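It should be emphasised that the depicted structure is a prediction, and the values quoted were computed from it without experimental measurement. Residue numbers start from 1 in every chain, and the chains themselves are labelled A, B, ... in the order their sequence lines are given, proteins ahead of strands.
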Amino acid sequence: GQQVMQIPQYQHVQEGEDFTTYCNSSTTLSNIQWYKQRPGGHPVFLIQLVKSGEVKKQKRLTFQFGEAKKNSSLHITATQTTDVGTYFCAIIQGAQKLVFGQGTRLTINP
Amino acid sequence: EAQVTQNPRYLITVTGKKLTVTCSQNMNHEYMSWYRQDPGLGLRQIYYSMNVEVTDKGDVPEGYKVSRKEKRNFPLILESPSPNQTSLYFCASSFGRSNQPQHFGDGTRLSIL
């Protein structure tokens with residue numbers, strides 16, 4: 001079935017640096033969701049992208065959906081310590097299965 | 001307060017002793033699902049349910065059972081737990097289908113000795 005590859009697995013940055021995580025699929029996606037999980041916490045929904053080439057912003061976070069709807073990215077500008085956590089993308093496989101990427105764990109040096 | 005409640009939060013048990021992890025949501029959501037989270041593997045879906053009495057397998061259903069007798073509850077049953085089921089488990093729910101934002105419980109950490 002459809003799978004999604006998420007890279008990188010880990011990213012360590014200095015506070016104030018930018019951060020990007022990518023999700024790639026070999027097949028066209030109907031939509032893609034992004035979640036954030038703080039250390040010791042549960043995943044929290046951030047956003048859903050549906051349209052080809054879609055770009056959405058939430059303060060310092062920018063989400064993009066590729067033109068071919070096979071890839072997506074999450075970019076954080078000027079990271080802050082509150083951005084620490086693991087970021088997951090999720091896609092729908094088949095009828096109603098939800099498949100998550102492996103996640104990108106972001107750590108920040110203050 | 002809208003929430004997904006899992007119990008217990010932590011459990012240490014032994015191989016072969018049947019256990020149930022409960023999940024309840026108060027948002028009248030149709031879609032509910034269970035995930036396990038292991039280091040380096042992300043979140044993997046175990047089972048999902050689109051409504052009462054409608055359940056289906058996710059990616060890693062072996063060794064697990066579920067039931068959906070009521071809309072609000074979706075228990076996860078391990079009939080004969082084994083050490084490879086030691087993991088962090090999350091229940092989630094959403095309106096409608098899986099293409100809606102998922103609301104997660106706080107997680108259940110299971111250790112099977």
For B/Gln100, is it the side chain, the backbone, both or neither that has a heavy atom under 4.5 Å from a heavy atom of chain A? backbone
Are B/Arg97 and B/Glu30 close enough for a salt bridge, meaning some N to O gap below 4.0 Å? no
Assess whether atom OH of A/Tyr22 is packed by more than 12 heavy atoms of other residues, nucleotides or ligands within 6.0 Å. no
Between chain A and each of B/Asp106, B/Asp56, B/Asn99, count heavy-atom pairs under 4.5 Å; write down the option with the most. B/Asn99
Decide yes or no for B/Gln45 and A/Val99: does some side-chain heavy atom of the first lie under 4.5 Å from some side-chain heavy atom of the second? no
Is chain A contacted by the side chain of B/Tyr35, its backbone, both, or neither, given a heavy-atom distance below 4.5 Å? side chain
Is it the case that over 12 heavy atoms from other parts of the model lie below 6.0 angstrom from the CD1 atom of B/Ile12? no
Can you tell which part of B/Phe104 gets under 4.5 Å to a heavy atom of chain A, answering side chain, backbone, both or neither? both
Do A/Asp18 and A/Thr77 have a side chain donor and acceptor closer than 3.5 Å? no
Greatest number of heavy atom pairs closer than 4.5 Å to chain A - which of B/Gly105, B/Ser33, B/Ala92: B/Gly105
Is any NZ, NE, NH1 or NH2 atom of the basic residue among B/Glu79 and B/Lys65 found under 4.0 Å from an Asp or Glu carboxylate oxygen of the other? yes
Carboxylate-amine/guanidinium proximity below 4.0 Å for A/Lys56 and A/Glu54: yes
Check each atom of A/Gln6 against the heavy atoms of chain B and say whether the ones under 4.5 Å are side chain, backbone, both or neither. neither
Of the backbone (N, CA, C, O) and the side chain (C-beta and beyond), which part of A/Gln48 lies under 4.5 Å from a heavy atom of chain B, both, or neither? side chain
Is there side-chain contact between A/Ile47 and A/Gln33, with heavy atoms separated by less than 4.5 Å? no
Which of residues 102-110 of chain A have a heavy atom under 4.5 Å from any heavy atom of chain B? A/Gln102
Would you say A/Asn31 and A/Leu49 make side-chain contact, with heavy atoms under 4.5 Å? no
Any B/Val52 side-chain heavy atom under 4.5 Å of B/Lys69 side chain: no
Which portion of A/Tyr35 sits near chain B, non-hydrogen atoms under 4.5 angstrom: side chain
